[in-house]
Amino acid sequence: MVDRPDVALDDLYREVVMDHHRRPRGRAPLARVDATAHGFNPVCGDEVVISLALDGDRVTGAQVQGRGCAICTASGSMMAEMIPGHTAAEAEATAAAFRAVMHGAPAPGGTDLGDLEALEGVQKFAVRVKCAMLPWVTLTDALKAWRDGGNEATSTTEAQEAER
Ligand code: ZN
């Protein structure tokens with residue numbers, strides 16, 4: 001395997017993804033919900049409900065519920081771990097950076113994607129990109145609805161991806 005150094009990396013990434021899949025973070029209910037959105041990916045059948053607690057414009061807690069494939073579950077788990085403590089704008093910037101990477105572009109401005117980097121290989125599989133994006137598309141919807149004064153939104157990755 002000396003001639004294929006990428007293999008070890010892939011294994012490491014797979015381990016990160018499977019760890020999030022087996023023990024998804026962010027399942028515990030929040031004491032207070034300030035924004036929520038429901039997302040559905042009809043291609044795979046993934047379904048997520050994202051709930052957020054916000055203090056001012058800072059996300060203080062995130063809960064991810066629903067049923068999805070390993071990639072969707074891992075992506076949602078990573079999100080639940082990453083965004084608390086960050087502002088809504090920072091969470092949206094991370095979502096945008098992850099979207100760029102999933103579409104084969106470099107992360108803008110050298111954004112640190114943390115564990116999300118483990119999902120980079122997913123970009124090679126167009127159908128799977130929707131699985132990885134669903135929690136983030138839904139997060140963006142939740143924050144948009146929260147800004148607009150409502151607190152609930154529904155989306156599908158199909159609709160979102162088609163707009164771009
Ligand atoms: Zn899926």
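The chain is numbered in sequence order, starting from 1. Both counts, for ligands and for their atoms, begin at 1 and track the order of listing.
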Chemist: How long is the straight-line distance from CZ of R23 back to CG of D19, given to the nearest 0.5 Å?
Modeler: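 Reported value, rounded in 0.5 Å steps: 4.5 Å.
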
Chemist: Among all residues two or more places apart in sequence or in another chain, which pass the salt bridge (charged side-chain N to carboxylate O under 4.0 Å, His left out) test with E15?
Modeler: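 E15: salt bridge (charged side-chain N to carboxylate O under 4.0 Å, His left out) contacts with R22.
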
Chemist: Show me the donor-acceptor pairs within less than 3.5 Å that the side chains of residues 65-76 make with the rest of the protein, sequence neighbours left out.
Modeler:
unit_1, atom_1, unit_2, atom_2, d
T73, OG1, G68, O, 3.2
T73, OG1, C69, O, 2.9
S75, OG, A132, O, 2.6
S75, OG, W136, NE1, 3.1

Chemist: Does anything in residues 43-60 pair up under salt bridge (charged side-chain N to carboxylate O under 4.0 Å, His left out), and if so which pairs, sequence neighbours excluded?
Modeler: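 Counting only pairs at least two positions apart or across chains, no salt bridge (charged side-chain N to carboxylate O under 4.0 Å, His left out) contact touches residues 43-60.
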
Chemist: Do the non-hydrogen side-chain atoms of L52 and L143 ever get within less than 4.5 Å of each other?
Modeler: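 Yes - at least one pair of side-chain heavy atoms lies under 4.5 Å apart.
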
Chemist: Give a yes or no on whether a salt bridge exists between R99 and E92, defined as a side-chain N under 4.0 angstrom from a carboxylate O.
Modeler: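 No.
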
Chemist: Tell me the protein N, O or S atoms under 2.8 Å from the Zn ion (ligand 1), in chain and number order.
Modeler: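 Sorted hits: C44 SG, D46 OD1, D46 OD2, C69 SG, C131 SG.
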
